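The model shown is predicted, which means the values in this text are computed figures rather than measured ones. In the text below, chain A, chain B and the rest are named by the order of the sequence lines, each starting its count at 1.
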2 protein chains.
Amino acid sequence: MITSIDLLGERLQKALGDRATTDPDRMGAYVRDQSLLTAAGRPAALVKAKTVDDVVAVMTVAHELSVPVVTRGAGTGLAGAANALDGCIVLSVAGMDRILEIDPAARTATVEPGVINGDLAEAAAQQGLWYVPDPGSRAISSIGGNLATNAGGICCAKYGVTGDHVAALTAVLADGRVIRTGARTRKNVAGLDLTHLLVGSEGTLAVIVEATMRLRTAPTAATTVVAFFDSAESAIDAVLAVSAVAEPCQMELMDDVTIGAVNRLTRMGLDESAGAMLLIQCDGRSAAAEAADCAAACESAGAREVFHTDDPVEGEEFTAARRMALPALEALGTVLLDDVAVPVPALPSMLGCIREAADRHGVTIGTFGHAADGNLHPTIVFDAAESGAQDRARGAFDDIVAGALALGGTISGEHGIGVLKAPYMADMVGQTERQLMLAVKAAFDPKSILNPGRGI
Amino acid sequence: MITSIDLLGERLQKALGDRATTDPDRMGAYVRDQSLLTAAGRPAALVKAKTVDDVVAVMTVAHELSVPVVTRGAGTGLAGAANALDGCIVLSVAGMDRILEIDPAARTATVEPGVINGDLAEAAAQQGLWYVPDPGSRAISSIGGNLATNAGGICCAKYGVTGDHVAALTAVLADGRVIRTGARTRKNVAGLDLTHLLVGSEGTLAVIVEATMRLRTAPTAATTVVAFFDSAESAIDAVLAVSAVAEPCQMELMDDVTIGAVNRLTRMGLDESAGAMLLIQCDGRSAAAEAADCAAACESAGAREVFHTDDPVEGEEFTAARRMALPALEALGTVLLDDVAVPVPALPSMLGCIREAADRHGVTIGTFGHAADGNLHPTIVFDAAESGAQDRARGAFDDIVAGALALGGTISGEHGIGVLKAPYMADMVGQTERQLMLAVKAAFDPKSILNPGRGI
């Protein structure tokens, strides 16, 4: 870095006042996201932006001085994409947290990037509308981060991921210019689709400063089916059978390790002798009839026990239990959370691969995930204090990612590449494709100052 | 063009044999698409590709000799994106028309780009599956063209446009290298989203040579509601009211001019004294109940007559009538078909703007379209033999596009930019945004040989 921190600090403070700092003691909470085993550098400065102009000012200074910028929202990422780089400006947009407009007739919400997903969902609900994308982190993650990672969630199989709900974006380019992409109309084919290029780009192309998201009319109450199976394989048979006859708004899988961990934490009395559990919910006018068909499909696929309820409170208890899967596994030790997806018919092979990885490396792995999407979160539990345990965990992690690739899957279904998955990009994306992605990045960011080395 | 046609022909014929020609007499059917008032140049060569290797050979020669390439599928485009450029190679992929695989368990179809949309739909239906995107041209348009324009259709409001159904693409770059984008998994966030960048790029970034499209389980029979209104404005009130209570798989609007034209062609006895007609269909398990709510919403919004049927044959007759809207208007004279979209609440203003344009320029305009998407096809009818008529038609067309922009809409909802809408791009997309799109094109196509000057 040729630029001294003093000069950078001076320029930022001149433009941004006390929203900028170079004091390392004030940056502690802004250096990392929530990922494990990901490197983080020492930032030169932190800016807590409040307005689009603040972001423009940061990028103008950064561009002129060729200083890297790492943008972060709520910092709940799981791949290290928001970890600081040495000498970077950490640009927090968490303070840009206003819901600018909810338009009930057009069914859109226009928000700043720091708005928390759950807050938007609540504001929409107050107007009888529904903000659909529901990542597990929805209570704490921001729309900007959800867009930057193209966050998934539980209802994706029926309703799509975050990027499927975006209409238009405003973003600040690497050189401080502001662009608007997309349209408020439901259909628009004018020019290249820059909107979906920004979605999932992990802060490498531009800084999203405003988003117009689509809303739906409020959902109906869901009907819930819970089914226990002897083996994860027969649970996947049920997933395929259900998918052929119904379109559940969630179809979540928990394996035996996860069931046990959740039971210990919640004392819910789930059947710990089962090999796997499916949690299925159907919504819409035909929720009950659809759920009955799901239950029948589970039984045909060999479920040992099927439970079926129209009571939303009871259903919510099961959803809450599923949402406890990660905390429950975290209660068992240090966890390394993976995120792979395969075509649904390949799930049994993927589960076999995960078991083999656990055996080979002598680690415990609890697997849960979004079965209808083929998106699993194998969660490697280890004792961080034990010598070599971290290496064994990483070994299992590597084997799982390699297994997903071998099955025609992806190295990340919804958490992103960041730092954690960067080593696998060369196996996921061919050399020509990667060159092309980097050329596209260069078109946006010729000096490569936006989260360089991440995401691509 | 420095390269002589002789050298180009020699190189192409060496690589491609009789699949390449420089004989103008053999190119006639490959010079234009189906658009009106769009310029087309004189191509230097035509290649009818049969394989990916053929496309690679064309691009390798074109890149070396810096010859522009215009790719075309079935040639049913409505914006001139597939019109030849002077001295170009016309690359037809219509002959790459094999359905390579339908995977019922993963619910995907992998196809070559020349496969006709309707043929894919039929092949999927034979396996109890559903290829959803249904552009008006589905009987004659190809999947490659549907992808290149991100074609819409009738069922988009509920099920999305072509790009919402694509999983993975194989494409040949400007220099002949082959890339694979996306994944067969339902979710994938590895790297930049090149797939959706290619979708809608109108042959400017790469040549799509294979596509893996998602299928759904077969649809249920639809229930149909037909409602007549005194005015188009009250029909739009009904569109908003219906959207608040139901999610129809189609909600099509026809204005008085269109109703009259369709009646003359089909003798269906539609109410010609009505100001507008809505054709609504609901599918799924609750089709009948949902349709009843749609009918009630239409009545509340002031419909003068509401007709409701569960009989699929009767419903199909109305859908067929709607599909006759364009041919029926074509029977009245030469037509210039527009394609604009606005936020749904702005539709009454848009319809007013269309009427004003008709009055101002002394032309007849029949308007129909996808009301739930805010996507209208104002169709300007004129007598091409009459002096000045074409200019008046173009004047009305310009006013309609300007009106859509003024209402926060888009210059193209589903037909694309091509040649026809290119003059409006500067008003639709800001200068910085357009520079960025061109920089992205340059990243893919540094010599700018892929459909230069189109689409962006």
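Heavy atoms closer than 4.5 Å to chain B are found in the side chain of A:Met428, but not in its backbone. Contacts between B:Met437 and chain A at a heavy-atom distance below 4.5 Å involve backbone atoms as well as side-chain atoms. Heavy atoms closer than 4.5 Å to chain B are found in the side chain of A:Leu205, but not in its backbone. Residue contact with chain A, scored on non-hydrogen atoms closer than 4.5 Å, involves the side chain of B:Asp293 exclusively. Contact annotation for B:His370: only side-chain heavy atoms (C-beta onward) come within less than 4.5 Å of a heavy atom of chain A. For a residue to count as touching a neighbouring chain, one of its non-hydrogen atoms must lie under 4.5 Å from one of that chain's; by this rule A:Leu194 touches chain B with the side chain only. For A:Ala151, no part lies near chain B; criterion is any non-hydrogen pair under 4.5 Å. Interface residue A:Pro345: only side-chain heavy atoms are found under 4.5 Å from chain B. Only the side chain of B:Asn375 comes within less than 4.5 Å of a heavy atom in chain A; its backbone stays farther off. In this structure, chain B has a heavy atom under 4.5 Å from the backbone of A:Val178, while its side chain stays farther away. Proximity to chain A is limited to the side chain of B:Thr217, based on heavy atoms less than 4.5 angstrom apart. Contact of A:Leu173 with chain B is made through the side chain alone, with heavy-atom distances under 4.5 Å.
In terms of heavy-atom pairs under 4.5 angstrom with chain B, the leader among A:Leu436, A:Ile456, A:Ile417, A:Val344 is A:Leu436. In terms of heavy-atom pairs under 4.5 Å with chain B, the best-connected choice from A:Lys421, A:Arg177, A:His415, A:Arg184 is A:Arg177. Of the residues considered (A:Gly128, A:Ala167, A:Pro104, A:Ala157), A:Ala157 shows the highest number of contacts with chain B, using heavy-atom pairs under 4.5 Å. Looking only at heavy-atom pairs under 4.5 Å with chain A, the residue among B:Ala183, B:Ala106, B:Gly152, B:Gly163 that has the most is B:Ala106. Among the candidates A:Gly408, A:Ser243, A:Gly374, A:Gly409, the residue making the largest number of heavy-atom pairs closer than 4.5 Å to chain B is A:Ser243. Taking chain B as the reference chain and counting heavy-atom pairs below 4.5 Å, the highest number among A:Val189, A:Leu198, A:Thr181 is found for A:Val189. Comparing A:Ala442, A:Ser412, A:Ala439 by how many heavy-atom pairs each has under 4.5 Å with chain B, the most go to A:Ser412.
How far CZ of A:Arg285 is from CZ of B:Arg285: 14.5 Å, rounded to the nearest 0.5 Å. To the nearest 0.5 angstrom, B:Gln431 atom CD is 14.0 Å from A:Ile179 atom CD1. Atom-to-atom distance recorded for B:Leu192:CG and A:Glu433:CD is 12.5 Å, nearest 0.5 angstrom.
In the displayed structure, A:Arg434 atom CZ is contacted under 6.0 Å by more than 12 heavy atoms of other residues, nucleotides or ligands.
Nearest heavy atom pair, residue B:Arg107 against residue A:Ala244, reads NH1-N, 4.3 Å. Nearest heavy atoms, A:Ala372 versus B:Arg186: O-CD, 3.5 Å. The nearest pair of heavy atoms linking B:Asn188 to A:Thr410 is OD1-OG1, 2.5 Å. When all heavy atoms of A:Val429 and B:Ala190 are compared, the pair lying nearest together is CG2-O, 4.4 Å. Shown here for B:His196 and A:Asp193, the closest heavy-atom pair between the two residues is O-CB, 3.5 Å. Across all their heavy atoms, A:Val440 and B:Leu197 have their closest contact at CG2-CD2, 4.5 Å.
Between A:Lys187 and B:Asp339, none of the side-chain N atoms (NZ, or NE/NH1/NH2) sits under 4.0 Å from a carboxylate O, so this pair counts as no salt bridge.
Residues B:Asp373 and A:Thr185 are not in side-chain contact: their nearest non-hydrogen atoms beyond the backbone lie 4.5 Å or more apart.
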